Structure formats: C-alpha cells, structure tokens
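Worth saying up front: this structure is predicted, and the values here are computed from it rather than measured.
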Amino acid sequence: PVDLLRAELIVRHAVGDVYWRTFKTTCKGSCGQGSQTAYSACTRRTDALPVNSNACRRARLRGQIRNQTMACNLNKPCPKRHEWRFFRWSTCTKTCSGGTQTRQVRCYKVAAGRLPRVAVSDTSLCTRPRPASQRTCNQEECAPDEARWVNKKWSPCSATCGQGIQVRTVVCRLYVGEEPINVPPFVCLKAGVAKIPAWRKCSAKASCPSSRRRPAKCTDISPLCKVLKGGGGCSDAGMKNLCCTSCF
C-alpha cells in the first residue's frame, strides 16, 4: 500500500499538481538601486503549501531559481540628502596655557550608497547641527615666566697696541612657555637678575710708544670715553688712542 501511494503522488505531480513558486526577500535599499535575493520552492497547487523539491524534479519542471541576487527599486529615485563633513584639526596655536585648533566643516550632497563628494555653498541644506570648527587645546598651565640676560660674542679688541676695550650686545629675554621674546632691560632689573657686563678691557700684543702729544686726527671712538676719563682710564696709552678727544 505504501508503494502504491507513493506512485500515485508521483503521477499526480507529473501531470501538474506541483510547480516552482518564486519568492523574493525584502529589498535592501528603500530607493535608488537596491538588491534582493530570489529563490524557488516546490509548491502544491491545491493548497499552495511547499512540498519536497524532489516532487518538482520528478515532474521534470523547469524554472527553478537558486538564491539569485537581483536589483530592485530602480524606478524609485532617492530624495536629495545633505550632511556635514569635517576634516582634521589643525596644530594647537600654543603648547600650554590654552591654545586653539580649527578645522574645515562643509555641507556635502550625498548620493545613494556613496560617500559625500560634492560640497554645496548653501549650508542650510544640512539640517543637522553643524559640528564645531574650533576648540581649545593644551589647557595645562605654562611654567612661570623667567627673565634672563642673553649676550652675544665679544667684539675684537679696539686697540692695536696697549689696552682697548671689547663690547658685546646684551639683551633681556623673557621666556614665556617655550617662546622666548626680547623685552626692555627694566624687566630683568625688576626681576633682580644680575646684569651681564656689556664691555671689558682688553690688551693688544704690541706696546704703544710713549707720547704726550695729541695726534693730528683725534676723535673718541667709543661712547664710553667720558666714563673712562672720570674713572682714571686715560692713564693707559691704549685708552688714550681709543678716547683721544676726552683724554688729551
């Protein structure tokens, strides 16, 4: 009896009691070009219930679809969408005590399924809150300011014989964080920093010939000559050459 029932089912399927029914998954993408998967299931005509696929194969039915991906929603264009796009932050303007960073923020038109590519000038099209284009950075307090005297190299000796002087540039420099700046001398004096000498005596290798006569061309070479005269500097022959007008 079982064999007879099976044979009867095969005959009924062979004459068209079953068919391949196509099913489709939900479209991935509500607009533009989406995708969905189609597949076939062997179905009984009397009650539209699925049966074993072998029934359709024994009936030699064609048209079976096995997990075929196809496009969907092709005729439904997506509405225009805009969104904000921002770039990297710039370097902080300060290394300590609070600086600022900036970045570019632009409104872009977005195509379906693609990255933003076209910037638009009308930023009102981007309806979401605009990302920040500026922020604070390096909030840590800088080390206390420090004032120092900074000097350059000594000049060559002013005398070719006997004694002369050498001068150098001395400036007051204030170190604010990592950015030193030159400031007026009173800043270092007010801070109690001992000043570095801006001049000193020097001696030439050759000795000057002794003479009390005033040279034909007599001028003061250094603005310090008047100070040297009051301090007894004119007793040296080399200083006389340097401060000829003041010492003769």
Q: Take Asn151 and Thr169 through the side-chain contact (heavy atoms from CB on, under 4.5 Å) test and state the conclusion after the steps.
A: CA-CA 6 Å; Asn151 59 275; Thr169 302; over 6 Å; no
Q: With side-chain contact (heavy atoms from CB on, under 4.5 Å) as the test, would you mind laying out the steps for Phe23 and Ser40 before giving the verdict?
A: CA-CA 6 Å; Phe23 294 89; Ser40 297; over 6 Å; no
Q: Begin from the C-alpha positions of Arg135 and Trp89 and carry the test side-chain contact (heavy atoms from CB on, under 4.5 Å) through to its verdict.
A: CA-CA 9 Å; Arg135 69 179 181 183; Trp89 289 105; 3.1 Å; yes
(Q) Pair Arg45, Tyr19 - check side-chain contact (heavy atoms from CB on, under 4.5 Å), show working. (A) CA-CA 7 Å; Arg45 292 185 182 277; Tyr19 65 98; 3.4 Å; yes
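From Lys24, atom NZ reaches atom CE of Met70 across 5.0 Å, with rounding to the nearest 0.5 Å. Rounding to the nearest 0.5 Å gives a distance of 11.5 Å between SG of Cys56 and CZ of Arg44. To the nearest 0.5 Å, the span separating SG on Cys137 from CD on Gln101 amounts to 4.0 Å. Between Leu125 atom CG and Thr123 atom OG1 the span is 8.0 Å, to the nearest 0.5 Å. To the nearest 0.5 Å, the span separating OH on Tyr108 from CD on Glu83 amounts to 11.0 Å. Put simply, CZ on Arg21 and SG on Cys42 are 12.0 Å apart, with the number rounded to the nearest 0.5 Å.
Here Thr102 pairs with Ser90, Gln134 under the side chain to side chain contact (heavy atoms under 4.5 Å, CB included) rule; sequence neighbours left out. Among residues two or more places apart in sequence or in another chain, the salt bridge (Lys or Arg N to Asp or Glu O under 4.0 Å) test is passed with Asp122 by none.
The closest side-chain heavy-atom distance from Val105 to Arg85 is not below 4.5 Å. Under the 4.5 Å side-chain criterion, counting only non-hydrogen atoms from C-beta, Thr43 is not in contact with Leu49. Side chains of Cys172 and Phe186 form no contact here, defined as non-hydrogen atoms less than 4.5 Å apart.
Of the possible donor and acceptor atoms, one in the side chain of Gln36 sits under 3.5 Å from a partner among the backbone N and O of Thr25. One N or O on the side chain of Asn138 and one on the backbone of Lys94 form a donor-acceptor pair closer than 3.5 Å. Side-chain atoms of Trp149 do not come within 3.5 Å of backbone N or O of Val171 as any donor-acceptor pair. The main-chain N or O of Arg200 is never found under 3.5 Å from a side-chain atom of Arg168 such that the two would form a donor-acceptor pair. Side-chain atoms of Gln163 never come within 3.5 Å of backbone atoms of Cys202 as a donor-acceptor pair (strictly under, hydrogens ignored). Checking side-chain atoms of Thr93 against main-chain N and O of Gly99 turns up no donor-acceptor pair under 3.5 Å. Looking only at distances, no side-chain donor or acceptor of Ser158 sits under 3.5 Å from a matching main-chain atom of Pro156.
A continuous path of Ile, Leu, Val, Met, Phe, Trp and Tyr side chains, each step under 4.5 Å between heavy atoms, connects Val193 with Ile196, placing both in one hydrophobic cluster. Residue Phe86 is grouped with residue Trp84 when hydrophobic side chains (ILVMFWY) are merged at heavy-atom distances under 4.5 angstrom, including chains of intermediate members.
Closest heavy-atom contact between Asn52 and Asn54: OD1-N, 2.8 Å.
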